[in-house]
Amino acid sequence: KWKGEGTTQNLESIVIGRCYDYIRIVNPAVGEKNCSQIWEAFKNAFINKDPCSILPKDYELFINMSLHTIPPNKSLFWENNQLLVNSFAARGRRYMSLGDTLFGFLGDFLNWCGQADSPGLDYESCPTTMECENNAVESFWRMASITYAQHSSGVIHVLLNGSADGGAYPQPGFFADYEIPNLQKGKISQIVIWVVDDIEGPDIDSCGTHSVKILETRLKTLGYDVTCTDNNKSVMFLLCLD
């Protein structure tokens, strides 16, 4: 028995339903997608396999089938503030974060894994990243993050949590390890970093200090035009509202 929670109940219905929700209501501009084939490609990435030997490339077919254009200037990367990002991006209305793409939308907040000796899903327990890195969910998000970074263009936004333990820019982290290395330099005009503290504080990290400074230096060394703002007003209004 693994330490992580098991597969989300009704996973197949949720994934296929989310797929239709996305192409019909959330973002019809992506055009027709075959939702049942997308589910099959998703499931076949991890079903009937040791739940600790799933690699990002196992999701390649799924990604190819669910891929669509990410509008320029709409990409919103983040660390340690998923719920804030979801409300700020407004399902693609303001920005299109990874969770607002079709492939990210399908996996958001879900859990899943298979079993080596069975064609079924494991509803009892799934491995955590501490137990093994190459688990079904971790590898899914690595592949999704890589793809998202590769297809982002124009002005890139990064929303970081200035109150996060250990700093706003975690290393290791998805942004540091999978997204920055896969940005396509020729397609990106500017990277805008927003560091936002929780309303009640604490103010642990800010532009030009600690981990944010490490991030700014890394991006500038890579040749990007970087700007950084503390407590962006529109994000703060949203936090106040919540």
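Just so you know, residue 1 is the first one in the sequence shown, and it goes up from there. The shown structure was predicted, so the numbers you read here are calculated from the model rather than taken from an experiment.
For the 3.5 Å distance criterion, the side chains of Ser211 and Asp205 qualify, holding a donor opposite an acceptor.
Two residues are said to be in side-chain contact when any heavy atoms from C-beta on lie closer than 4.5 Å; Val195 and Thr229 fail this criterion. Put simply, the side chain of Ile193 reaches to within 4.5 Å of the side chain of Val226, judged on heavy atoms. Contact check for Leu11 versus Phe42: side-chain heavy atoms found under the 4.5 Å cut-off. A 4.5 Å side-chain heavy-atom check between Leu110 and Val15 finds at least one atom pair inside the cut-off. Residues Asp21 and Val26 meet the side-chain proximity criterion, which asks for heavy atoms closer than 4.5 Å. Proximity of Ile199 to Met236: side-chain heavy atoms (C-beta onward) are separated by under 4.5 Å at one or more points. Side-chain contact between Asp198 and Leu239 is absent, with no heavy-atom pair separated by less than 4.5 Å. Put simply, the side chain of Ile156 does not reach to within 4.5 Å of the side chain of Gln190, judged on heavy atoms.
By the rule that hydrophobic residues join a cluster once side-chain heavy atoms approach within less than 4.5 Å of another member, Val85 and Ile180 end up as members of separate clusters. Cluster annotation: Leu84 is not connected to Leu160 through the hydrophobic network of ILVMFWY side chains, with a link wherever side-chain heavy atoms come within less than 4.5 Å. Under the 4.5 Å side-chain contact rule for hydrophobic residues, Leu61 and Ile38 share a cluster. Grouping the Ile, Leu, Val, Met, Phe, Trp and Tyr side chains by contacts below 4.5 angstrom, directly or via other members, places Leu215 with Leu222. Val30 and Tyr95 are members of different hydrophobic clusters when ILVMFWY side chains are connected at heavy-atom separations under 4.5 Å.
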- Query: Would Asn34 and Ser36 satisfy side chain to side chain donor-acceptor pair (under 3.5 Å), going step by step from the backbone distance to the final call?
  - Reply: CA-CA 6 Å; Asn34 188 324; Ser36 35; 3.3 Å; yes
- Verdict with supporting geometry, Phe77 and Tyr148, ring pair (Phe, Tyr, Trp, His ring centres under 6.0 Å): CA-CA 9 Å; Phe77 294 85; Tyr148 180 69; 4.8 Å; yes
- Message: If you apply the rule side chain to side chain contact (heavy atoms under 4.5 Å, CB included), what do you find for Asn161 with Val196, and how did you get there?
- Response: CA-CA 5 Å; Asn161 184 343; Val196 175; over 6 Å; no
- Message: Run Asp230 and Asp203 through side chain to side chain contact (heavy atoms under 4.5 Å, CB included) and show every step you take.
- Response: CA-CA 10 Å; Asp230 285 311; Asp203 174 4; over 6 Å; no
- Query: Between Leu98 and Leu76, does a side chain to side chain contact (heavy atoms under 4.5 Å, CB included) hold up when you go through it step by step?
  - Reply: CA-CA 8 Å; Leu98 174 52; Leu76 178 62; over 6 Å; no
- Message: I'd like to know whether Ser53 forms a side chain to side chain donor-acceptor pair (under 3.5 Å) with Asn134, so could you lay out the CA-CA distance, the side-chain angles of the two residues, the decisive distance to 0.1 Å, and finally the verdict.
- Response: CA-CA 5 Å; Ser53 62; Asn134 293 332; over 6 Å; no
- Message: Working note: Asp100 + Ser97, criterion side chain to side chain donor-acceptor pair (under 3.5 Å); need CA distance, chi angles, decisive distance, verdict.
- Response: CA-CA 5 Å; Asp100 304 310; Ser97 70; 2.7 Å; yes
- Task: Could you go through the side chain to side chain donor-acceptor pair (under 3.5 Å) check for Asp177 and Gln171 one step at a time?
- Result: CA-CA 8 Å; Asp177 300 338; Gln171 293 174 280; over 6 Å; no
- Item | Derivation and outcome, side chain to side chain contact (heavy atoms under 4.5 Å, CB included), residues Glu60 and Lys57 | CA-CA 5 Å; Glu60 261 171 14; Lys57 65 176 172 47; 3.8 Å; yes
- Task: Dump the intermediate steps for salt bridge (Lys or Arg N to Asp or Glu O under 4.0 Å) on Lys43 and Glu40, then the final yes or no.
- Result: CA-CA 5 Å; Lys43 183 182 71 173; Glu40 289 298 324; 3.5 Å; yes
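Summarising the geometry of Cys35 relative to Ile23, their closest heavy-atom pair is SG-CD1, 4.0 Å, with the distance given to 0.1 Å. Considering every non-hydrogen atom in both Ala168 and Glu79, the closest pair reads O-CB, 4.1 Å. Of all heavy-atom pairs spanning Arg142 and Pro56, the tightest one is CB-CG, 4.0 Å. Heavy atoms only, all atoms of each residue included: Ala45 and Lys49 are closest at O-NZ, 2.8 Å. The shortest heavy-atom contact between Phe88 and Val235 is CZ-CG2, 3.7 Å. A pairwise comparison of heavy atoms in Leu121 and Gln115 identifies O-NE2, 3.3 Å as the closest pair.
The aromatic rings of Tyr169 and Phe175 stand perpendicular to each other, their planes meeting at an angle above 60°, with 30° marking the opposite boundary. Using bins of under 30°, 30° to 60° and over 60° for the plane-to-plane angle, the ring pair Tyr59/Phe140 lands in the perpendicular bin. Classification of the Trp112-Phe46 ring pair by plane angle, with boundaries at 30° and 60°, yields tilted.
Side chain of Glu131 to main chain of Thr128: a donor-acceptor pair is present (N/O by atom type, distance under 3.5 Å, no hydrogens or angles). A donor-acceptor pair is defined here as one N or O able to donate and one able to accept, closer than 3.5 Å; such a pair exists between the side chain of Arg18 and the backbone of Asp108. In this structure, Asn182 contributes its side chain and Tyr178 its backbone to a donor-acceptor pair below 3.5 Å. One N or O on the side chain of Thr209 and one on the backbone of Ser206 form a donor-acceptor pair closer than 3.5 Å. For Ser153 (side chain) and Lys187 (main-chain N/O), no donor-acceptor pair under 3.5 Å exists by modelled atom type.
No close placement of the Phe174 and Trp78 rings is indicated, their centers lying 6.0 Å or farther apart. A ring-centre distance under 6.0 Å is found for Tyr22 and His68. In summary, the aromatic rings of Phe103 and Phe62 are positioned with their centroids too far apart to meet the 6.0 Å limit.
With sequence neighbours left out, the side chain to side chain donor-acceptor pair (under 3.5 Å) criterion links Thr147 to no other residue.
A salt bridge does not link Glu216 to Lys213: none of the charged side-chain nitrogens sits closer than 4.0 Å to a carboxylate oxygen. A salt bridge is defined here as a Lys NZ or Arg NE, NH1 or NH2 lying under 4.0 Å from an Asp or Glu carboxylate O, and Arg24 with Glu32 meets this definition.
At most 12 non-hydrogen atoms from other residues, nucleotides or ligands lie less than 6.0 angstrom from CG of Asp165. Residue Glu5 places its CD atom among 12 or fewer non-hydrogen atoms of other residues, nucleotides or ligands, all under 6.0 Å distant.
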